[in-house]
Amino acid sequence: MSTELLSQITASLVDGDPDLTIDLTKQAIQGGIEPMTIIERGLVPGMNIVGDKFSTGEYFLPHLIISANGMQQAMDLLEPELRARSQQMKVSGKVVIGTVQGDIHEIGKSLVATMLSASGFQVYDLGVDVPAEDFIAKVKETGAQLVGLSALLTTTMIVQKEIIEALSIAGLRDQIKIMVGGAPVTRSWAAEIGADGFAEDAIQAVQLATQLMGA
Ligand code: B12
């Protein structure tokens, strides 16, 4: 039953039917399916299929936008559920997170921000298309110990490197840990650009953040 519902959620995103995505997500929540399961086994596979169809030329930008709207609205429903289930940990820290300049993908970054915040971190989400100077200013203002840089485009991965360099030039590198993520980002890229860690998804991002805080 739950597998079928999750497949229907995936299909509704692929078909670009946000109303159905929302309806099915509500049904899944009411049916007691864990929010992270709905995200990982229902929504994310749908977005991946849409992305693949876009890259092969079967889908165009409007398809991407419609499906992203469906996912975003489903995430709005799931966010309070994720928060309700989270265990507030005693270990916490301040995290500045954003999608790097030139990149407007926000769904994954926001999911990471939600999970961090639900796990006890104080999160300053700078949004998307964020230049280095905004990260620098926010770290100075808040005294954050962690910075998260999201990039979804192969062309904006390099901006993660530039922001790490800018944080070093600003004299902040020694007082912060930097984690990077986003679909094209890999562990070896993270090492190459001098980040302190990489996480593949929001759950791993919380584990990484906790580890980087020395908890
Ligand atoms: C939705 C989407 C969009 C939406 C975004 C809407 C929004 N509000 O976010 C819209 C329609 C705006 C869009 C636009 C574009 N997109 Co787009 N998009 C996607 C799509 C289909 C899904 C992304 C997504 O939300 N995934 C779901 C989330 C949950 O996963 P995630 O983002 O990977 O995040 C997880 C992890 O990566 C990790 N993570 C993410 N951030 C961080 C940060 C840290 C610190 C850590 C630790 C972890 C972490 O945790 C997250 C949660 O589990 C992808 C395809 C794909 N499979 O990724 C293409 C994709 C990323 N887009 C692509 C392209 C080309 C574009 C455009 C250039 C298209 C165009 N011609 O204009 C523009 C770019 C505009 C810009 N300047 O940014 C390409 C990129 C190709 C490449 N090699 O660079 C992709 C891969 C599609 C494809 N297969 O061709 N896109």
Between the side chain of [X] and the main-chain N/O of [Y], is any donor-acceptor distance below 3.5 Å?
X: Tyr124; Y: Ala144; result: no
X: Asp103; Y: Ala151; result: no
X: Ser67; Y: Leu64; result: no
X: Gln145; Y: Lys94; result: yes
X: Thr114; Y: Ser110; result: yes
X: Asp15; Y: Asp17; result: no
X: Thr186; Y: Trp189; result: yes
X: Thr99; Y: Asp129; result: no

Quick check on side chain to side chain contact (heavy atoms under 4.5 Å, CB included): which of Val180, Val100, Ile193 does Lys161 satisfy it with?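 One option only clears the test, and that one is Ile193.
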Result for side chain to side chain contact (heavy atoms under 4.5 Å, CB included) between Met179 and one of Val147, Leu149, Leu208 points to Leu208
So salt bridge (Lys or Arg N to Asp or Glu O under 4.0 Å) across residues 18-42, not counting sequence neighbours, yields Glu34-Arg85
Between [Y] and [X], is there a side-chain heavy-atom distance shorter than 4.5 Å?
X: Ile29; Y: Leu77; result: yes
X: Met71; Y: Val44; result: yes
X: Val185; Y: Met157; result: yes
X: Met213; Y: Lys177; result: no
X: Thr156; Y: Gln101; result: no
X: Met75; Y: Ile39; result: yes

Residue set satisfying salt bridge (charged side-chain N to carboxylate O under 4.0 Å, His left out) with Asp196, at least two apart, ordered chain then number -> Arg173
Residues at least two apart in sequence or cross-chain that pass salt bridge (charged side-chain N to carboxylate O under 4.0 Å, His left out) with Glu141, listed by chain then number, are Lys138
What's the separation between atom [atom1] in [X] and atom [atom2] in [Y], rounded to the nearest 0.5 Å?
X: Gln211; Y: Gln204; atom1: CD; atom2: CD; result: 10.5 Å
X: Glu4; Y: Ile9; atom1: CD; atom2: CD1; result: 11.5 Å
X: Thr10; Y: Met47; atom1: OG1; atom2: CE; result: 11.5 Å
X: His63; Y: Leu13; atom1: NE2; atom2: CG; result: 13.5 Å
X: Ile203; Y: Asp201; atom1: CD1; atom2: CG; result: 6.0 Å
X: Leu5; Y: Ser12; atom1: CG; atom2: OG; result: 9.5 Å

Let me check something: do [X] and [Y] share a hydrophobic cluster, defined by ILVMFWY side-chain heavy atoms less than 4.5 Å apart, either directly or through other members?
X: Leu146; Y: Ile178; answer: no
X: Ile66; Y: Leu24; answer: no
X: Ile97; Y: Val159; answer: no
X: Ile49; Y: Leu61; answer: yes
X: Met115; Y: Ile33; answer: yes

Please report the shortest heavy-atom distance between [X] and [Y], naming the atom on each side.
X: Pro35; Y: Leu82; answer: CB-CD2, 3.8 Å
X: Gly182; Y: Leu152; answer: CA-CD2, 3.9 Å
X: Gln73; Y: Ile22; answer: OE1-CD1, 3.0 Å
X: Thr210; Y: Phe121; answer: N-CZ, 3.8 Å
X: Ile136; Y: Ala166; answer: CD1-O, 3.7 Å
X: Gly70; Y: Pro18; answer: CA-CB, 3.8 Å

- Task: Give the C-alpha distance, both sets of side-chain angles, the deciding distance and a yes or no for side chain to side chain contact (heavy atoms under 4.5 Å, CB included) between Val14 and Tyr59.
- Result: CA-CA 10 Å; Val14 177; Tyr59 276 11; 3.6 Å; yes
Q) Under the side chain to side chain contact (heavy atoms under 4.5 Å, CB included) criterion, do Leu43 and Thr21 qualify, and how do the steps go? A) CA-CA 9 Å; Leu43 296 165; Thr21 307; 3.9 Å; yes
**OP:** Could I get the full list of ring pair (Phe, Tyr, Trp, His ring centres under 6.0 Å) partners for Phe198, not counting sequence neighbours?
**Re:**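 Expected list: none.
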Could you go step by step and tell me if Lys140 and Leu172 meet the side chain to side chain contact (heavy atoms under 4.5 Å, CB included) rule?
-> CA-CA 8 Å; Lys140 283 185 178 164; Leu172 296 169; 4.2 Å; yes
task = Please identify each residue that fulfils side chain to side chain donor-acceptor pair (under 3.5 Å) with Lys53, with sequence neighbours left out.
result =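 Here the qualifying residues are Glu58.
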Residues passing the side chain to side chain donor-acceptor pair (under 3.5 Å) test with Ser55, sequence neighbours excluded, are none
Determine, step by step, whether Ile107 and Leu111 satisfy the side chain to side chain contact (heavy atoms under 4.5 Å, CB included) criterion, reporting the C-alpha distance in whole Å, the side-chain angles of both residues, the deciding distance to 0.1 Å, and the verdict. CA-CA 6 Å; Ile107 296 171; Leu111 179 54; 5.7 Å; no
Worksheet item: Around atom CD of Glu200, are there more than 12 heavy atoms of other residues, nucleotides or ligands at under 6.0 Å?
Response: no
